[in-house]
There are 2 protein chains.
Amino acid sequence: MKRRLTLADIADTAGVSVMTVSRVINDKPGVSDEVRQTILALVESMGYRPNQIARSLVTEQTTSVGLIVPDNTNPFFAQIARGVEDAAYALQYSVFLVNTVENPQREFDALDSLWQKDVDGLIWCSARVSHEVLEAQISRFPAVVLLNRELTEPPCNTITINVNDRHGARQAVAHFLAQGRRRIAYLNGPEHSVSAHRRLEGYRDAITEAGVPFDEGLVDCCLPDTDSGYDAALALLDRCPNVDAILAFNDLVAIGAMQACQALGRSVPQNVAVIGFDDIPLATIIKPQLTTLHVDLRHIGESAMRALLDKMEEAACPSAILIEPELVLRDSA
Amino acid sequence: MKRRLTLADIADTAGVSVMTVSRVINDKPGVSDEVRQTILALVESMGYRPNQIARSLVTEQTTSVGLIVPDNTNPFFAQIARGVEDAAYALQYSVFLVNTVENPQREFDALDSLWQKDVDGLIWCSARVSHEVLEAQISRFPAVVLLNRELTEPPCNTITINVNDRHGARQAVAHFLAQGRRRIAYLNGPEHSVSAHRRLEGYRDAITEAGVPFDEGLVDCCLPDTDSGYDAALALLDRCPNVDAILAFNDLVAIGAMQACQALGRSVPQNVAVIGFDDIPLATIIKPQLTTLHVDLRHIGESAMRALLDKMEEAACPSAILIEPELVLRDSA
DNA sequence: TTATATTACGTTAGCGCTAACTTGTCTATA
DNA sequence: TATAGACAAGTTAGCGCTAACGTAATATAA
C-alpha cells in the first residue's frame, strides 16, 4: 500500500494552495473556471480521494450512520437493513451494522461504539432498554430514528416509526371471528418487545369486543423464530386441544406453529387457521402459503434513512410515522 | 447534545497533562499507580470516551472493517454477515455493511467509499469484477479477505476463503447417479459468479466420468433467488420433460425448482429429485425438506473476520482456506 | 563522589482537512 | 484619478489525539 495522496500533493503539482484544491473538491465558489478544470483533471488522473477521517475531525460529520438490529439474519430486519442501505447509498452515507442478539450488554456496547465512531445518526430497531436508558442514549446522538418503540415526550432529534400493531392484530382476529372461529390463541413475541405488547392489546380488545371471554391460557410468549414458535405451539395445543385459530407474533413463529399443527395431525387451515405478521418472503414460499399482515419492510428501511437525514439537517420538531399493516389472505386462514 | 469531553478536559480537572491521560486511556506505562487511579476514576465519573476520529487521524487505524455482499437479505449472506459481526464485536471492531445488488457501479462505489472511510480491512464476498480490477482494488486496502473468489498470485495482504464447490457438486451428482437417475439437470447461478463456474465444472466432470454424456440443454443460468429458480426450472422442464434430477446453484434456486415441479404436477423426489447448496435455515422449513450441501456460513463469517485481523496485525504470507461442504440427505433427493 | 540508568511526567509537533480571515488584482463608478 | 467593490486566491489556526522527544527527580553502579 503506497502512501495516500493528500490535498497538499495535488496543490503542489498544480502550483496552488491547499485551500484552492479544497474549494474545488467541495465544489465551493472562489476559484476560476480555468484553475478549477486544471485541478479537477489532476484529481482524476492522480486518483485523489479526500480522507474522510481528517475531514470529519474538523467538520464533525462522518457521513456514516449506525443501524442497530436484534439479528440481521431475521428476514424482518434483513429487509429493513436492505432498505436502509439502499437509501444510504443513494444519499452517499455508509452504514455501521450492529446486532444486539437480544443481549442488553451488547446493545449497550453497540451504542457506545457507534457514539465513539461519531455517527451522524442512528437507526435503532426494537430497542429493548428501559425508558430512562433510551432517553439518555438518544441524547448522545445528533439524530435518531426509533423503530418499534414509542416515546411519550419525544426529543427534538428523534423520529419514531411504528407499525400499527393494535390495528393489525384486530384485523387478524376479526378475520378469524368472521370464519366462525372462537378458540383463538395468540403466540406472542419477546417479553420486552413493544410490538409484542401492542399486538397483545389489539388481540385482547378484538376478542373481548366480540363477546369472547379473554383466556390467559390461550396466550403464550416465545422468541421470534421458527423453532421457538414450533415449541410454543406444541405446548399450546397440548394444553388447549380445542384451539381453532392461532395468531402469531410474526411470520417465523407462524411457520413454526403450522409445523407443530402438522406434526400433531391438525390440518391448516381446516382444523387450525394461522395468521402471521410482517409478510416476509418466506410467507409465499412455504405450503400452505401464509395469511399474514403485510408490512413493506424495505420501504420502512428507506424511509427511516431518509427521515434520519432530514433530522440531521434540521432538528425541527419531533415526528412520528405510523405504518398500517394490511391483511393479505392466502391459504393458512 | 452537549459538547463532547476531550482529553484536555480530563487533564485540566486532574491537574495533569493530556499525555498522562492519554497514557492511562491507552493503558501504556509511564504513569504512577496513584495518578492512574485518579484519572481512571475521573474518566468513569465524567463519562469520557475517546474520540475515535481524532485517534484514527494520527494512528491511521479506524477499528472498523468493510463487508461487501451482493445482498444482505439473501440468507446465505445474512448468515455470513452475522458471523462477521459476531466476531467483530468480540474483537472490538465495527462493520460497515454494503450491498452491491449485482451492480458493478455500486460495487465500485462501495469500494471507493470504504477506502475513503479508511477501513482497516475488507471482507469482500462474491466479487464480480474482473481479475485486474480485483487486484487493483485489493492493493488499496491494508488487508482483504476474499470470499468465493480465487487468486492465481494472491498478494500478501489477502486471504481467500472458498467452498470446495467442485467436490460439492460431485457429491450431489454421485448421489443422483447412485439412485439410478441419468437425466440430471443443473440450474446454475449468475454468469460472473466464480462459485457458479466451479459447481458447473464439478457437475460436468462427475457426469462425464460416470459415462453419461454432457448435454448443454440440461444446464441453464439464473439469478440466485427463488423466483428466478422457479422460472428457470419451468423452462427447463418444458424443454426437457424427461429430466429426473435437478442440481441447483443454491437452496433458493432449489426451492424455486421444487415449486416449479409441483406446479407441473411432478412430485419431488419421486419424479424429480432436487439437491440444493448452502443449507440455509429455509432448507428444513419447506416441504419436502431439502437435501443440500451443508456449509457452516456463520462459522465462515467468523473465520473471515478473525483471519482479517490476523492479516492486519502481520501481513505475513498469503493464505487460502478451503471449506468442505457436506451432503445432508433429507427428503428432496 | 560522580556517572549512568530509570521513572514519571511535560512539551512540541503534526496527522489531513476546513473555517475564517487576509491579501492582491482587476473592474466599475464618480 | 481616486475609491470602493467584487473576485480569486493565499495564510493561519485548530479539530482531538498520539509519537517522539525533553526534563527533572530519584535510584543504581563504579
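Below, chain A is the first sequence line, B the second, and so on; all start at residue 1. Side chains included, hydrogens not; waters and symmetry mates left out as well; all remaining heavy atoms used.
Residue whose closest nucleotide on DNA chain D sits further toward the 5' end, between Ile53(B) and Val31(A): Val31(A).
Considering only residues two or more places apart in sequence or on other chains, Glu60(B) meets the side chain to side chain contact (heavy atoms under 4.5 Å, CB included) condition with none of them. Residues satisfying the side-chain hydrogen bond (donor to acceptor under 3.5 Å, both in side chains) test with Thr100(B), not counting sequence neighbours, are none. A search for side-chain hydrogen bond (donor to acceptor under 3.5 Å, both in side chains) contacts involving Ser17(A) returns Thr20(A), not counting sequence neighbours. Take Asp9(A) and apply the salt bridge (Lys or Arg N to Asp or Glu O under 4.0 Å) test, not counting sequence neighbours, and it matches Arg3(A). Applying the side-chain hydrogen bond (donor to acceptor under 3.5 Å, both in side chains) rule to Glu191(B) yields no partners; only residues at least two apart in sequence or on another chain are considered. Here Glu107(B) pairs with nothing under the salt bridge (Lys or Arg N to Asp or Glu O under 4.0 Å) rule; sequence neighbours left out.
Near DNA chain D, meaning a heavy atom under 4.0 Å away, the residues from residues 9-16 of chain A are Val16(A). Of the residues in residues 32-45 of chain B, Ser32(B), Val35(B) come within less than 4.0 Å of DNA chain C through at least one heavy atom, sorted by number.
Without hydrogens or angle criteria, Lys117(A) side chain to Thr63(B) main chain gives a donor-acceptor distance under 3.5 Å. At least one donor-acceptor pair closer than 3.5 Å links the side chain of Arg149(B) to the backbone N or O of Ala127(B). Proximity of a side-chain donor or acceptor of Thr59(A) to a complementary backbone N or O of Arg55(A) within less than 3.5 Å is detected.
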With the sugar-phosphate defined as primed atoms, P, OP1 and OP2, and the base as all remaining atoms, what B/S/- string results for nucleotides 17-27 of chain D, 5' to 3', for protein heavy atoms under 4.0 Å? BBBB-------

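An OP1 or OP2 oxygen of dG10(D) is reached within less than 4.0 angstrom by a side-chain nitrogen or oxygen of Thr20(A).
Comparing the end axes of the helix from dT1(C)-dA30(D) to dA30(C)-dT1(D), each fitted to five base pairs by superposing C1' atoms of four pairs onto the next four, gives an inter-axis angle of 50° (nearest 10 degrees).
For residues 67-95 of chain A, every residue pair satisfying the salt bridge (charged side-chain N to carboxylate O under 4.0 Å, His left out) rule, not counting sequence neighbours, is listed here: Asp71(A)-Arg82(B), Arg82(A)-Asp86(A), Arg82(A)-Asp71(B), Glu85(A)-Arg106(B), Asp86(A)-Arg106(B). Counting only residues at least two apart or on different chains, the ring pair (Phe, Tyr, Trp, His ring centres under 6.0 Å) pairs with a member in residues 49-100 of chain B are Phe96(A)-Phe96(B).
Remark: Arg49(B) does not engage Asp118(A) in a salt bridge, criterion side-chain N to carboxylate O under 4.0 Å.
Residue contacts for Ser17(B): at a heavy-atom cut-off of 4.0 Å it reaches a base atom on one of the strands shown.
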Before giving the answer on side-chain hydrogen bond (donor to acceptor under 3.5 Å, both in side chains), spell out for Asp109(A) and Gln105(A) the whole-Å C-alpha distance, their side-chain angles and the decisive distance to 0.1 Å. CA-CA 6 Å; Asp109(A) 291 344; Gln105(A) 181 62 49; 3.0 Å; yes

